[in-house]
Amino acid sequence: MSEHYSMYIDGKWIDTDEVYEIRSPATEELVATVAKGNTASVDAAVEAAKGAFAEGTWRRTPPAQRAAIINNVAERLGARADELAALQTRENGATIRITGALHVGLSVAQLQYLAAIAENYEWETPGPAIEPVAADGVVVREPLGVVAAIVPWNIPLLTTVWKIGPALVAGNSVVLKPDEHAPLLALELAREFDAAGLPPGVLNVVTGDGEPVGAHLSGHPDVRKVAFTGSTAVGKSILRQSADTVRRVTLELGGKGANIILDDADIDMAVDGALFACMANNGEACEAGTRLLIPASRRDEIVDKLLARASTLRVGDPLDPATHIGPVISQTQRDRILNYFRIAAEEGAIAALGGKARSGPEFDKGYWIEPTIYLDVTNDMRVAREEVFGPVLVVMTYDTDEDALAVANDTNYGLSAGVWGSEERATALARRLEAGMVWVNNWHIIHPAYPFGGYKESGLGREGGPNAIDEYVEEKFIAVDRSGGIENKAFAIVIDPAGD
Ligand code: NAD
């Protein structure tokens, strides 16, 4: 029996005439049915969020109490961690070892971290006395209003809490639109916020397709901020759409992470690291290390080890803890990847492993791709420049560290990068890489206390980290003059900087 999920609007569970069928990408079995929202659902949710903000119960709740609700939700999710990880695996095919640690575990830790920083956050900062007007100044940080959060299917819960955690802790109201392929954990999260006592209308979850539902939400005139994770193309459209109302925007977009193995690296470790960097979450991770740069002087040794290790990767049932790689999310995604295989072949890349769909009786149902490694790739090929979003690694050789750096930075993206080698040399190179996150001798180090986000077309703004709440507040400067009388003294400060 599969469960039915309704949308969550104004504290109520709402259905429409239409439903989505969520089917496992591994088995095609029905996991759940979900109400399919429409633009009217968005209007109702924004209205509820706006009403809750105007009414003010949540934003006037002391920050420590808001933080307590966030902590309560973290605890509730933590208590259901195994169940939720399994549900995520059944819904989007990410392996159970990843959904347990990354999707659910890190989301719980992120909420706890946000609750902790909210308690010490400077909601008000008194400034120095302002002479000669004898004024006192204070900077007040207050919520923006209605925040729209739009998230993808690949790591749904973490990309959600990165947005709604700081938005809610700052006192905003939220309308969350999960991806149509993977809305279940967003609705489970709403269930836990409801149980934790969040007032109605403060968090709303609307399901629906990107077009028209997502676009209607991101363009809604009552939305003060859009926080988006997804493709670079949609991120750019949201940024353009937001110009009209000068709406705040945070974007977490695609990536093409360069992973550099230096010639003094521990090759066994670096090779395992390269596979982890690229193949974790079935290769469907924006921060994946999808371009492997290896020194020409050690090419054959590294390639031999890479292919030997890659051939031991277990592809199969994502609910089995021994599985490394599960299915990709959908038929469309599988076809998209197969199309990249055709393009790579046309461009002269050599598929030393994979390069095709996974076949065999176990793989008749679901959407399977062979873990794939391309050799002899050059950085102008489309497989080296575009995000494939599957278990596909391209390998390029370089001669000097400077060459490696130039190729690594020669990309429109700038989300993640990595360097393997002796610490001093690798760290020096890390400082010169144009990416929001650079890992030395590891990959996927994502931690609540450090920011996540990218340079260039990988995004705008950062999520998580110590400044996460700043992205969800307006700063207001209030000056109170106690000198009496208006004698243009305030302007004197500006026009006479020397103070004469
Ligand atoms: P997508 O952009 O198609 O969809 C993401 C979300 O946006 C979904 O909820 C979708 O319904 C919605 N959407 C689609 N069209 C829209 C529109 N016109 N207006 C408003 N909303 C719209 O992304 P995808 O291809 O399904 O997801 C994978 C992408 O997400 C990859 O490019 C990946 O790199 C990126 N991603 C980035 C990060 C990061 O933090 N940088 C994290 C995870 C995924």
Side-chain angles (χ1 to χ4, degrees), residues 23-28 89 92-99 153-154 181 254-257 259 271-292 294 302-377 381-396 443-444:
R23 291 187 175 271
S24 156
T27 62
E28 297 179 40
T89 293
N92 80 346
T95 58
I96 193 75
R97 53 165 83 186
I98 294 284
T99 53
W153 45 263
N154 62 329
H181 299 92
K256 196 73 197 178
N259 192 4
V271 157
D272 280 358
L275 293 172
F276 172 60
C278 181
M279 307 286 176
N281 213 56
N282 308 339
E284 297 166 325
C286 51
E287 82 284 4
T290 46
R291 289 184 298 152
L292 182 64
I294 61 173
I302 294 174
V303 165
D304 288 351
K305 285 188 170 167
L306 185 68
L307 294 176
R309 290 295 284 165
S311 63
T312 68
L313 290 173
R314 288 184 57 165
V315 180
D317 177 6
L319 284 165
D320 181 345
T323 295
H324 298 109
I325 299 179
V328 297
I329 185 78
S330 62
Q331 176 84 42
T332 308
Q333 185 66 10
R334 195 187 72 140
D335 290 348
R336 202 175 154 266
I337 297 169
L338 294 178
N339 193 42
Y340 271 108
F341 291 161
R342 275 188 287 277
I343 294 166
E346 275 164 27
E347 290 185 319
I350 309 291
L353 191 79
K356 55 186 193 306
R358 185 82 160 188
S359 55
E362 266 181 84
F363 303 103
D364 280 351
K365 294 267 185 212
Y367 317 112
W368 301 91
I369 289 286
E370 292 271 2
T372 294
I373 298 181
Y374 281 106
L375 302 179
D376 299 336
V377 171
M381 291 181 185
R382 285 183 62 188
V383 271
R385 302 207 75 82
E386 297 174 18
E387 190 176 48
V388 176
F389 229 56
V392 181
L393 180 64
V394 302
V395 183
M396 297 181 272
W443 201 276
H444 296 294

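Atom CD1 of Ile343 sits about 12.5 Å away from atom CE of Met381, to the nearest 0.5 Å. Residue Lys305 holds its NZ atom at 12.5 Å from CD1 of Ile294, rounded to the nearest 0.5 Å. Rounded to the nearest 0.5 angstrom, Leu307 CG and Ile302 CD1 are separated by 12.0 Å. In this structure, CZ in Phe341 is found 9.5 Å from NZ in Lys356, a value given to the nearest 0.5 Å. Taken from CD1 in Ile337 to CH2 in Trp368, the straight-line distance is 12.5 Å, to the nearest 0.5 Å. Between Met279 atom CE and Ile98 atom CD1 the span is 13.0 Å, to the nearest 0.5 Å.
No side-chain heavy atom of Glu370 sits less than 4.5 Å from a side-chain heavy atom of Leu353. Counting heavy atoms from C-beta on, the side chains of Gln333 and His181 never come closer than 4.5 Å. Between Leu292 and Leu306, some side-chain heavy-atom pair lies under the 4.5 Å cut-off. You'll find the side chain of Tyr374 reaches within 4.5 Å of the side chain of Val392, heavy atoms only. Between Thr332 and Asp335, every side-chain heavy-atom pair lies at or beyond the 4.5 Å cut-off.
For Asp320, the salt bridge (charged side-chain N to carboxylate O under 4.0 Å, His left out) criterion is met by Arg314, not counting sequence neighbours. Scanning for side-chain hydrogen bond (donor to acceptor under 3.5 Å, both in side chains) contacts around Thr290 gives an empty result, with sequence neighbours left out. In this structure, the side-chain hydrogen bond (donor to acceptor under 3.5 Å, both in side chains) partners of Thr27, at least two apart in sequence or on a different chain, are Ser24, Glu29.
In terms of modelled atom types and a separation under 3.5 Å, the side chain of Asn281 and the main chain of Asn154 share a donor-acceptor contact. Within the 3.5 Å criterion, the main-chain N or O of Cys278 finds no donor-acceptor partner in the side chain of Trp443. Looking only at distances, a side-chain donor or acceptor of Glu284 sits under 3.5 Å from a matching main-chain atom of Ile329. The main-chain N or O of Ala277 is found under 3.5 Å from a side-chain atom of His444 such that the two form a donor-acceptor pair. One N or O on the side chain of Thr323 and one on the backbone of Asp317 form a donor-acceptor pair closer than 3.5 Å. Listed for the Lys256 side chain is no donor-acceptor partner under 3.5 Å among the backbone atoms of Glu387. A donor-acceptor contact shorter than 3.5 Å is absent between the side chain of Asn282 and the backbone of Val328. Remark: the backbone N or O of Gly366 is paired with a side-chain donor or acceptor of Glu28 at under 3.5 angstrom.
Between Ala310 and Ile373, the shortest heavy-atom contact is CB-CD1, 3.7 Å. Between Val394 and Ala384 the shortest heavy-atom distance is CG2-CA, 4.2 Å. Minimum heavy-atom separation, Phe389 to Arg336: CB-NH1, 4.1 Å. Nearest heavy-atom pair across Ala26 and Pro318 is CB-CD, 3.7 Å. Across Thr372 and Gly355, no two heavy atoms sit closer than the pair OG1-N, 2.8 Å. The heavy-atom pair separating Gly273 from Asn259 by the smallest distance is O-ND2, 4.4 Å.
If you check the side chains of Thr99 and Thr89, you find a donor sitting under 3.5 Å from an acceptor.
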